[in-house]
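Notes to accompany the following structure.
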Amino acid sequence: MSTVAVLGGGIGGLGAAYYLSKCPQVTKVIVLESSGRFGGWLWSTRRPDGAVFEHGPRGIRPAGAVGRNTLNMVEDLGLADEILPVTYSHVASKNRYLYVNKQLHRMPSGLGGVVRTVPPFTRPLLLNIAMEILKKRGKEEDESIHSFVSRRLGQELADIAIDSLCRGVFAGDCRMLSVRSCFPILFNSEQSKGSIVLGMLLGSGGGPVVPPGRLAQRSAKESWAQWSLIRGVQSLPEALTEFLQQSGRVQLHRDEAVTKIRPSGSGWTIHLEDGVLTADHIISALPAKALSLALPSSCQPIIEQLQDISTVTVAVVNLEYQGSILPVTVRILQRG
Ligand SMILES: Cc1cc2nc3c(=O)[nH]c(=O)nc-3n(C[C@H](O)[C@H](O)[C@H](O)COP(=O)(O)OP(=O)(O)OC[C@H]3O[C@@H](n4cnc5c(N)ncnc54)[C@H](O)[C@@H]3O)c2cc1C
């Protein structure tokens with residue numbers, strides 16, 4: 001029986017606390033969040049006219065074991081009725097643009113998009129896909145996403161599509177990011193099936209098996225590309241916080257910054273700005289720099305690695321148009 005301290009109350013910390021609260025070996029979970037609200041980057045501004053502005057994430061992918069697991073949790077939290085799915089056939093999925101060589105280009109989509117040459121690409125993507133199956137398996141333990149995609153699918157795809165994708169998803173440079181960490185499915189597909197395409201078709205294997213609940217089954221049946229929540233993604237940390245408060249085993253602390261963590265006996269001492277507490281185990285869901293500052297000097301190699309992770313500034317622009325001028329359908333949620 002043990003006490004677990006979860007450092008950081010973003011979605012990572014709240015998610016960890018959710019699973020710990022269901023674990024019979026854990027008697028107490030303590031979540032420590034430095035700011036005045038839980039959710040971290042999941043932060044939505046809701047306006048009285050119904051408009052929702054997302055400060056951070058706005059679309060969550062349902063695919064794979066992680067996607068299914070998240071949907072299972074969303075269903076368990078009672079948020080199934082608030083889901084706002086975006087299917088692959090939706091206008092928002094089909095109309096994605098890239099600004100290349102001073103021109104906007106619509107990204108190829110559907111079968112027609114891969115069999116024809118669609119600018120800014122100089123040949124049909126189907127050729128890259130077909131040749132990928134014949135490429136030899138890489139021997140590196142890890143490599144950059146750019147090098148991996150150039151090797152398997154061609155440099156043009158890496159330079160144009162993957163570069164932009166990585167800037168959008170990770171705010172990072174695909175020449176610096178690890179394929180193994182960022183796209184384990186692609187990496188594992190090459191390792192197990194010798195090809196990304198075959199891995200996608202046959203399954204790359206090896207990952208955790210997550211049986212889909214009703215919501216995850218619906219997402220597969222309706223071909224969701226992404227989903228959000230009608231009152232914004234912030235509804236997820238709000239529902240999690242409510243669930244954890246009611247569980248009886250979780251203590252949630254806001255405005256409690258972790259300053260130091262130190263090993264003590266068989267557990268840990270956690271120093272806060274105005275106090276100290278102890279736990280048998282710690283799960284850190286802190287940003288890399290915050291964790292590096294809290295670790296003892298005996299963890300120097302990890303501290304250096306954490307401090308090597310650079311960050312950049314990202315700006316999010318939300319636009320609201322007067323009147324209903326966009327070709328999208330809106331579902332209004334009736335709340336009882
Ligand atoms: C602009 C933007 C758009 C994004 N869009 C998407 C998207 O559309 N889809 C998607 O899937 N992902 C998206 N992401 C990524 C996603 O938001 C993050 O991966 C996720 O929110 C990270 O959650 P986290 O809990 O790990 O970290 P965080 O959300 O950063 O949470 C860390 C928490 O730790 C707290 N903390 C910091 N220091 C301390 C301390 N010393 N003591 C205690 N607490 C501390 C912070 O206050 C914070 O609450 C986006 C990210 C950004 C920035």
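Counting convention: from 1, in listed order, for ligands and their atoms alike.
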Requested in this report: Could you tell me the residue and atom name of the protein heavy atom closest to atom 20 (C) of ligand 1, and the distance to it rounded to 0.1 Å?
Outcome: Ile11 CG2, 4.1 Å
Query raised in the report: Got more than 12 heavy atoms from elsewhere within 6.0 Å of CG, Asn101?
Result: no
Query raised in the report: What residue and heavy atom of the protein are closest to atom 47 (O) of ligand 1, and at what distance?
Result: Glu33 OE2, 2.7 Å
Query raised in the report: Given Gly15, Ala257, Gly12, Gly56, which one has a non-hydrogen atom that is nearest to atom 26 (O) of ligand 1?
Result: Gly12
Query raised in the report: Which residue and non-hydrogen atom of the protein lie closest to atom 37 (C) of ligand 1, and at what distance in Å?
Result: Pro287 CD, 3.6 Å
Requested in this report: Decide whether an N or O pair under 3.5 Å exists between His55 and ligand 1.
Outcome: no
Query raised in the report: With the 4.5 Å side-chain cut-off for hydrophobic clustering, are Tyr19 and Leu215 part of the same group?
Result: yes
Query raised in the report: Are the charged groups of Lys28 and Asp280 less than 4.0 angstrom apart, N to O?
Result: no
**Report entry** Heavy-atom proximity to atom 6 (C) of ligand 1, best of Pro57, Ala16, Ser228
**Finding:** Pro57
Query raised in the report: Parallel under 30°, tilted from 30 to 60°, perpendicular over 60°: which one fits the rings of Phe183 and Phe170?
Result: perpendicular
**Report entry** Heavy-atom nearest option to atom 1 (C) of ligand 1, drawn from Val66, Val316, Val169
**Finding:** Val316
Requested in this report: Using a 4.0 Å heavy-atom threshold (strictly under), name the region of Ala294 that reaches ligand 1: side chain, backbone, both or neither.
Outcome: neither
Query raised in the report: Does Met131 CE have over 12 foreign heavy atoms under 6.0 Å away?
Result: no
**Report entry** Proximal ligand 1 atoms for Gly8, defined as those under 4.0 Å from one of its heavy atoms
**Finding:** 34 (O), 44 (N)
Query raised in the report: Who's the nearest protein heavy-atom neighbour of atom 42 (N) of ligand 1, and how far?
Result: Val258 N, 2.9 Å
Query raised in the report: Do you see a donor-acceptor pair shorter than 3.5 Å between the side chains of Ser21 and Ser247?
Result: no
Report task. Name all residues meeting the side-chain contact (heavy atoms from CB on, under 4.5 Å) criterion together with Arg151; count only those two or more places apart in sequence or in a different chain, and write none if there are none. Result -> Glu143, Phe148, Glu190
Query raised in the report: Is atom 3 (C) of ligand 1 in close reach of the protein, with a heavy atom under 4.0 Å away?
Result: yes
Query raised in the report: Which residue holds the protein heavy atom closest to atom 9 (N) of ligand 1, what is that atom called, and what is the gap in Å?
Result: Gly59 O, 2.7 Å
Query raised in the report: Quick one: which ligand 1 atoms are inside 4.0 Å of a heavy atom on Ala290?
Result: 38 (N)
Query raised in the report: Are any of the N/O atoms in Gly13 less than 3.5 Å from those in ligand 1?
Result: no
Report task. Look at ligand 1 and say whether Leu42 reaches it with a heavy atom at a distance under 4.0 Å. Result -> yes
Query - Which residue and heavy atom of the protein sit nearest atom 18 (C) of ligand 1, plus the separation - result: Trp41 CB, 4.9 Å
Report summary line: Of Arg58, Arg61, Lys289, the residue with the heavy atom nearest atom 8 (O) of ligand 1 is Arg58
Report task. Select the closest option to atom 31 (O) of ligand 1 among Ala288, Gly67, Gly10, Ser34, judged by heavy-atom distance. Result -> Gly10
**Report entry** Under the side-chain contact (heavy atoms from CB on, under 4.5 Å) test, residues paired with Pro120 that sit two or more places apart
**Finding:** Val100, His105, Ile160
Report summary line: Quick note on ligand 1: atoms under 4.0 Å from a heavy atom of Leu32 include exactly 43 (C), 44 (N)
Query raised in the report: Which residue supplies the protein heavy atom nearest to atom 32 (C) of ligand 1, what is that atom called, and how far is it?
Result: Ala285 O, 3.6 Å
Query - Side-chain ion pair, Glu238 and Arg46, N-O less than 4.0 Å - result: yes
Requested in this report: Please indicate whether Leu127 has more than 12 foreign heavy atoms, meaning atoms of other residues, nucleotides or ligands, lying under 6.0 Å from its CG.
Outcome: yes
Query raised in the report: Given the rule in the salt bridge (charged side-chain N to carboxylate O under 4.0 Å, His left out) test, do Lys22 and Asp76 qualify, once you have shown the distances and angles that lead to the verdict?
Result: CA-CA 12 Å; Lys22 292 177 175 256; Asp76 185 37; 2.9 Å; yes
Query raised in the report: Between the side chains of Gln191 and Ser189, is a donor N or O closer than 3.5 angstrom to an acceptor N or O?
Result: no
